[in-house]
Amino acid sequence: MRHLGLLLALVIALTMTGDTLSAQEARQRGVLFLAVEDFTRPYVRLIFEAFSDELLRAPEAPAIYFESLDATRFEQTGYMGEVREWLRRKYRDTRIDLVVPISEDALVFLADARGEPWPTAKVLYLEAGSVRVDTPTVLPQAGGILLTDHTTDALSVIKTILPDTKHVAMLIGASTVDQLRWRSFADKVRMVGLEPIVVAALSMEDSLAELARLPPLTVVFILQPAIFAKGHVPAPSEACELIASAGYAPVFTLGAPDLGCGVVGGLMRDWTIVGRLLGDEALRRLENPSTDIVSVPVAKYTTLAFDDRQLERWKIPEQRLPSGAIIRFREPNVWRDRRGLVITVAAVTLVQSLLIAGLVFERRRRRQAEIDSRRNLAALAHLDRRAAMGELATSLAHELNQPLNAILQNAGMAQMLLTSTTLPTELSEMTDIIGDIRKDDIRASEVIRRMRGLLQKHELEAHPIDLNDVAQETVAIVLPDARSRQIEMEIDLLNGLRPIQGDRVHLQQVLLNLLMNAMDAVAAMPPERQRVRVSTSQSEGAVRLSVADSGPGIPADTLSKVFEPFFTTKSGGTSGMGMGLAIARSIVEAHDGRIVAENNITTGATVWFSLPVSSHQTKVL
Amino acid sequence: MRADILHLGPAETVSATEPLVVVIEDDLASQKTLARVLRVGGYHAATYGSAEEYLASPPEAAPIGLLLDVHLGGMSGLDLQRRLKAEGSTIPVIIITAFDDARSRIQAENLGCVAYLSKPCAAETILALLGDLAKSASSAQQKPH
């Protein structure tokens, strides 16, 4: 295995050299993304990803380079000069048409040496609030995107939802860059009538200690978490989770991706939108150089969203939220119908509670009252997915072993050809081998990605979803199993299906259950009847997904019972505990949908479920 | 070790033409890779996507070995092995499969396979086995003289 790793590293190194060479030969245009920090900061990663996606969509996509100045951790005198010198040498033979500095310090880095080491490249900067560099004088080739400052609005939102607030503790790093960057934030805090408390600790441990001493009626704003005492940078959600779980005060941040880690929410920047805007503008300026400054209004790049669990924790009533606010992580048993029909909710909750009550009684009678029904469904669903994946394990292992095998053998070939003195080493052969390794690597990671999605513990969350995607994804999971059991899988998806609001993993699970039942139903049939058909269709307000089999069908007297817990037609201990369809039903019903089993007119049975189409105004997620 | 493998290859054998090896494998990526391994090892590969294909048009020359997958679309590798044995074939069979399951291993061994390899398996292993087969094939040819 270690051997394989080394070989792969060698092969990848070879491939990368090849790419760079061919890029230069074509004199492809180059765009350099210049960040102050690196991908350990989610904002850098998210902006860069959306930025790259946008650039790569262009017909003649430029080459994209990424550099980080790492200026928040290295501040010694002369450091920037050395970085500049190193970059000059590194990019000596590389064409850069446009440099995109992200935030002030990257722009300052360029302005300090009049654009060096890329003096002839155009500059498109990204800044929030205002630009303190006199670009027309020191960097005349620069234009930029200016995000209208949203911090005042964000602070006002906090005042609205927590009207008693007196202090805002600002958590920032101890570096000069951090101190300068957030100085104006303290002014904004004062402007909305609150008192700033700057917590500029040297380490995360110190930050936590200081937070414990905050006065009452304080909220915490994590602007830039300190690194840990031992020097490691906290992972994206780590700082947020640590501080939020300490529970000293309500916690806020400025970036939308933090929602879910324990922050309350509010008006937050959506970095993906920012990256997209930036990429779009970069493409435009590659074609038509310009020094314009594009101003982006607050509403265009922010989202107003809250974490329901935090609202509850800090006793913030929903009525206080500004209109248009999105509530996420809402528990499904308070998952309200859009029209607010409380009765529907009560009915759905009742069905769900009854189901769960039945289950829990079987094993843990006493604890039943304490267990939160919502978490229970998610946990059961998780167990059921694991059981299903367990049944599929053999064929998934097979699916994974195929590409691994090809990779191992190809790497062996590459090694032999490279080290042999007798065999002729053809460059084209080597390229072909490496190309195959890459293809198989992608194929293997596809298999893992599909499995991982289903194996993770997962709470119900609603997003707009195309049911066709769910169908394709799930069929891909069972396909190897179907193939090894010689079952023909037919897929007939309706184009242009309207999106529904739902939870992808849980809907995949419903389909997984239906597919595995269908495959079991046809397993003992003669070959011409070993067929399963998956199809989608839609009517006025609903989208439907059906799984039809050509098995023996369901006896008429049990048709109504198939969705009951512990009901099974399968004999022996091989097929789980008869929970699959019961769980499927509670998931479908938690989505306001319905699920039906019926016998086909000719042979076999069909189980289908339908879900309401989402309207454009859905807000409650 | 590597040099050994290269020497095990048939490059040194008396035969002027490259020995023929039959590959029956339904996974296209694995088939392509295996063909490459054989080419580099100095063998001529005849590839088939299914047992049926092979039965319909076997190669004219006698192969020194048959590399066989177990799970093929249609007739399984073990069924093919069984059928060939019943027909009196003496072509050595090497099973290469992504399912390492004890039952098929025992069946394949009872049917007299030379080796039962589970994926992922190294190219070197396959070439070493084929090197042995090539040697015994050429010595068998020389015996009558």
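Reminder, nothing fancy here: chain letters follow the sequence lines and each chain counts from 1.
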Can you tell me which portion of [X] sits under 4.5 Å from chain B's heavy atoms? Options are side chain, backbone, both or neither.
X        : result
A:Asp436 : side chain
A:Gln486 : side chain
A:Leu400 : neither

Answer yes or no: does atom CD of B:Glu60 have more than 12 heavy-atom neighbours from other residues, nucleotides or ligands under 6.0 Å?
no

Nearest heavy-atom pair of B:Val40 and A:Met413: which atoms, and what distance?
CB-SD, 3.6 Å

Closest non-hydrogen atoms of B:Pro120 and A:Asn401, given as atom of the first, atom of the second and distance, are CD-OD1, 3.4 Å

Keeping to residues at least two apart or across chains, list the ring-ring contact (aromatic ring centres under 6.0 Å, His included) pairs with something in residues 58-93 of chain B.
B:His71-B:Phe99

Residues in ring-ring contact (aromatic ring centres under 6.0 Å, His included) contact with B:Tyr54, at least two apart in sequence or another chain:
B:Tyr48

Once you round to the nearest 0.5 Å, how far does CZ of A:Arg483 lie from CG of B:Leu72?
12.0 Å

Taking only distance into account, with no hydrogens and no angle test, what donor-acceptor pairs under 3.5 Å do side-chain atoms of residues 74-81 of chain B form with protein atoms, sequence neighbours excluded?
unit_1  : atom_1 : unit_2   : atom_2 : d
B:Ser76 : OG     : B:Leu78  : N      : 3.3
B:Ser76 : OG     : B:Asp79  : N      : 3.1
B:Asp79 : OD1    : B:Arg82  : NH1    : 2.8
B:Gln81 : NE2    : B:Ala108 : O      : 3.3

Taking a cut-off of under 4.5 angstrom between non-hydrogen atoms, the residues of residues 24-39 of chain B near chain A are B:Glu25, B:Asp27, B:Ala29, B:Ser30, B:Lys32, B:Thr33, B:Leu34, B:Arg36, B:Val37, B:Arg39

